[in-house]
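Everything numeric here is computed off the predicted structure, so don't read it as measured data. One is the number of the first residue; the rest follow in order along the sequence.
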Amino acid sequence: MSYRVDTNCIQGGYQPKNGEPRILPIYQSTTYKYDSADHLGDLFDLKVDGHMYTRISNPTVAAVEEKISTLEGGVGAMCTSSGQAASLMAIFNITSAGQNFVSLSTIYGGTTNLFAVTMKRMGIEVRFVTPDMTDEEIDALFDENTRLVFGETVANPALTVLDIERYAAIAHRHGVPLIVDNTFATPILCRPFEFGADIVMHSTTKYMDGHASVVGGVIVDSGNFDWAASGKYPELTEPDESYHGVVYTEQFGKAAYITKARVQLMRDFGSTPQPLAMFLLNLGLETLAVRMERHCSNAVKVAKFLESHPQVAWVNYPMLENSDQHALAQKYLPNGCCGVISFGIRGGREAAVRFMDSLKLAAVVVHVADARTSVLHPASTTHRQLTDEQLIATGITPDMIRLSVGIENSEDIIEDLQQAFEQAKA
Ligand SMILES: *Cc1c(COP(=O)(O)O)cnc(C)c1O
């Protein structure tokens with residue numbers, strides 16, 4: 001029986017058998033018991049399915065992975081201890097020292113650091129592209145060591161919408177996959193596999209959990225990329241020494257990429273999510289579809305309020321008709337584009353600080369994308385490690401306020417903003 005995405009939020013991943021608990025149990029166990037040493041040996045050799053150690057897999061975690069895989073329309077998923085771990089492993093799974101990859105520059109600041117600084121120390125080079133570059137300019141950045149293309153469906157915090165079909169086409173004509181960070185859109189608003197993306201990752205810390213209680217990440221494999229045909233990925237198509245010569249594409253077929261990520265990278269890096277955290281994530285996922293609907297409808301109302309406010313210099317929200325992202329948003333995000341809006345306040349940095357300090361309902365936090373309305377000044381917080389040049393390449397201006405519209409009553413949110421604008425007047 002196949003259900004629609006909002007039904008799968010609730011019903012996906014865990015189907016109890018006769019007499020079993022109705023709610024996903026928390027298997028708070030690091031260890032699993034076997035009747036024979038042989039069976040355990042087969043598990044180690046990846047000859048049979050099953051759990052052997054919670055660093056690699058666990059039944060609670062597996063149920064959440066199956067749910068998210070179903071929501072995205074993938075062949076398999078792997079949850080990680082954070083979104084950062086998911087970004088690192090999604091890329092490192094198919095990239096080694098001496099190789100490079102192409103990434104949109106309009107991405108999360110933490111990802112920019114990971115790519116430009118930390119991965120550089122691993123011998124992996126990122127080549128940033130901006131959304132205004134032509135195909136020819138992007139093509140020129142590829143060489144025989146380029147392994148993938150990376151971008152965010154809705155960029156945090158630039159709110160640019162990724163032209164998924166375009167970047168998938170560019171990636172595919174160079175024989176490499178497109179990896180998409182779908183954190184802000186969630187599979188409720190966009191399923192990048194439907195537009196040609198090959199791998200999707202998320203920070204589940206944001207809307208998927210939705211309650212700001214658990215840090216986590218996930219990687220989902222579409223199963224669509226043909227690693228063997230590409231010929232560029234010996235780590236998937238040639239024997240893995242650490243498993244007595246397993247060839248992932250031969251033994252695991254469409255799930256080669258995600259299986260390798262688990263049995264090799266998760267085994268070696270150990271960025272494992274905890275079963276209790278995944279239980280909480282699952283509670284968040286159950287209401288994801290209804291929450292996203294409310295985030296989106298509230299955000300449209302707030303964006304229109306901001307647009308008409310005399311103290312607002314500019315508003316960036318892709319659903320606004322005069323947004324330069326509107327056409328892309330209509331194509332990729334027909335039902336809404338998330339609850340995050342950015343805007344510039346007149347009066348510069350001082351006005352921004354007075355405005356933020358005067359908010360009562362909207363809290364100043366580092367987090368975004370949960371049930372509570374919150375607000376942040378990226379230039380002085382999340383993105384403060386970036387140079388001015390990097391800041392602008394990431395799509396951030398010094399006067400930018402990032403507003404994460406929650407699921408409260410929209411009139412209360414707007415009244416709070418209104419009184420803070422009054423206080424912000426010099
Ligand atoms: C927050 C975020 C990350 C990093 O995730 P963590 O769970 O904080 O490690 C990655 N990508 C995007 C788009 C994010 O918003």
message: If the test is ring pair (Phe, Tyr, Trp, His ring centres under 6.0 Å), which one of Phe128, Phe142, Phe115 qualifies with Phe101?
response: Phe115

- request: For the pair Glu65 and Arg262, find out whether any cationic side-chain nitrogen is under 4.0 Å from an anionic carboxylate oxygen.
  value: yes

message: Closer than 3.5 angstrom, by distance alone: can the side chain of Thr70 be matched with the main-chain N or O of Glu66 as a donor-acceptor pair?
response: yes

message: What I want to find out is whether Arg291 reaches Asp370 closely enough, with some N-O distance under 4.0 Å, to be called a salt bridge.
response: no

message: Quick one: does any side-chain atom of Asp209 pair with a main-chain N or O of Ser213 as donor and acceptor, under 3.5 Å?
response: yes

- request: Considering only NZ, NE, NH1 and NH2 on the basic side and carboxylate oxygens on the acidic side, decide whether Asp135 and Arg173 come within less than 4.0 Å.
  value: yes

query: Is Lys331 salt-bridged to Glu165, going by a charged N under 4.0 Å from an acidic O?
result: yes

- prompt: With no hydrogens and no angle check, is any side-chain donor or acceptor of Asp416 less than 3.5 Å from a backbone partner on Leu361?
  reply: yes

- prompt: Atom CZ of Phe305 and atom CD1 of Ile414: how far apart are they, to the nearest 0.5 Å?
  reply: 6.5 Å

task: Please work out whether the ring planes of Tyr233 and Trp227 are parallel, tilted or perpendicular, with thresholds of 30° and 60°.
output: perpendicular

- request: Without swapping roles, check the side chain of Gln99 against the backbone of Ser96 for a donor-acceptor pair under 3.5 Å.
  value: yes

field: More than 12 heavy atoms of other groups within 6.0 Å of Gln15 CD
entry: yes

message: Could you tell me if Asp45 and His244 have a donor-acceptor pair between their side chains, going purely by distance under 3.5 Å?
response: yes

field: Taking every non-hydrogen atom, the tightest pair across Ala90 and Ile179
entry: O-CD1, 3.6 Å

task: Ignoring hydrogens and angles, tell me if any N or O in the side chain of Arg55 forms a donor-acceptor pair with the backbone of Asp268 under 3.5 Å.
output: no

message: If you compare all heavy atoms of Pro187 against all heavy atoms of Val5, which two are closest, and at what distance to 0.1 Å?
response: O-CG2, 4.1 Å

field: Side-chain heavy-atom pair Arg372, Ile407 within 4.5 angstrom cut-off
entry: no

query: Any side-chain heavy atom of Phe343 within less than 4.5 Å of one from Asn316?
result: no

- request: Measure across Cys296 and Cys337 and return the closest heavy-atom pair with its distance rounded to 0.1 Å.
  value: SG-N, 3.8 Å

message: Run Leu162 and Tyr167 through side-chain contact (heavy atoms from CB on, under 4.5 Å) and show every step you take.
response: CA-CA 8 Å; Leu162 188 70; Tyr167 292 100; 3.6 Å; yes

message: Do Ser242 and Arg267 pair up side chain to side chain, a donor and an acceptor below 3.5 Å, judged on atom types alone?
response: yes

message: For the residue pair Tyr32 / Asn58, report whether a side-chain donor-acceptor contact shorter than 3.5 Å exists.
response: yes

task: Could you pull out the closest heavy-atom pair between Ala168 and Leu178, with the gap in Å?
output: N-CD2, 3.6 Å

- prompt: Is a side-chain donor-acceptor pair under 3.5 Å present for Asp38 with Ser36?
  reply: no

field: Interatomic spacing from NZ in Lys206 to CG in Asn182 - rounded to 0.5 Å
entry: 12.5 Å

- prompt: So, Thr160 side chain and Gln325 main chain: donor-acceptor pair closer than 3.5 Å or not?
  reply: no

message: As a quick check of understanding, evaluate side-chain contact (heavy atoms from CB on, under 4.5 Å) for Val126 and Lys120, giving each step before the final call.
response: CA-CA 8 Å; Val126 61; Lys120 188 174 173 190; over 6 Å; no

task: State whether the side chain of Thr287 and the backbone N or O of Gly284 hold a donor-acceptor pair below 3.5 Å, judged by distance alone.
output: yes

message: Using a 6.0 Å cut-off, check whether atom CG of Asp35 has over 12 heavy atoms from anything other than its own residue.
response: no

query: Short question: side chain of Lys67, backbone of Tyr14 - any donor-acceptor pair under 3.5 Å?
result: no

Donor-acceptor contact below 3.5 Å, side chain Gln330 vs main chain Ala327: no

Validation row: Val218, Thr80 side chains within 4.5 angstrom (heavy atoms): no

- request: Evaluate the side-chain contact (heavy atoms from CB on, under 4.5 Å) criterion for residues Leu320 and His326: first the C-alpha distance (whole Å), next the side-chain angles of each, then the deciding distance (0.1 Å), finally the verdict.
  value: CA-CA 7 Å; Leu320 291 176; His326 190 65; 5.9 Å; no

Distance in Å, Ser404 OG paired with Leu376 CG, rounded so as to fall on 0.5 Å steps: 9.5 Å

- request: Determine, for Tyr317 and Lys301, whether the Lys NZ or Arg CZ falls below 6.0 Å from the six-membered ring centre while staying within 45 degrees of the axis.
  value: no

message: I need the minimum non-hydrogen distance between Thr237 and Ala228, along with the two atoms involved.
response: CG2-CA, 3.7 Å

task: Check whether any side-chain heavy atom of Thr205 lies under 4.5 Å from a side-chain heavy atom of Gln84, and answer yes or no.
output: no

- prompt: Would you find a donor on one side and an acceptor on the other, under 3.5 Å apart, between the side chain of Tyr207 and the backbone of His295?
  reply: no

- prompt: Taking the side chain as C-beta and beyond, is there a heavy-atom pair between Thr397 and Trp314 under 4.5 Å?
  reply: yes

query: Between Met278 and Pro273, what is the shortest heavy-atom contact and its length?
result: CE-CB, 3.6 Å

query: Atom CD1 in Ile188, atom SG in Cys338: separation rounded to 0.5 Å?
result: 13.5 Å

- request: Please indicate whether Asp132 has more than 12 foreign heavy atoms, meaning atoms of other residues, nucleotides or ligands, lying under 6.0 Å from its CG.
  value: yes

query: How many angstroms lie between CG in Asp42 and CZ in Phe44, if you round to the nearest 0.5 Å?
result: 12.0 Å

Trace of the side-chain contact (heavy atoms from CB on, under 4.5 Å) decision for Lys232 with Thr146: CA-CA 9 Å; Lys232 293 191 173 190; Thr146 306; 5.8 Å; no

Residues Asp198 and Tyr257: side-chain donor-acceptor under 3.5 angstrom: no

query: Which distance, rounded to the nearest 0.5 Å, do you find between the OG of Ser81 and the CZ of Phe269?
result: 11.5 Å

statement: Sorted by chain and residue number, the side chain to side chain contact (heavy atoms under 4.5 Å, CB included) partners of His377 (sequence neighbours excluded) come out as Arg349, Met356, Ala379, Ser380

Side-chain touch Val290/Cys9, heavy atoms, less than 4.5 angstrom: no

statement: From the list Thr373, Leu403, Val315, side-chain contact (heavy atoms from CB on, under 4.5 Å) with Val302 holds only for Leu403

query: Should Ile341 and Val405 count as side-chain neighbours, where that means a heavy-atom distance under 4.5 Å?
result: yes

- prompt: Below 4.0 angstrom, N of the basic side chain to O of the carboxylate: do Arg147 and Glu235 qualify?
  reply: yes

task: Would you mind reporting whether Val368 and Phe184 have side-chain heavy atoms less than 4.5 Å apart?
output: yes

message: With no hydrogens and no angle check, just 3.5 Å: does a side-chain donor-acceptor pair link Tyr248 and Asp240?
response: yes

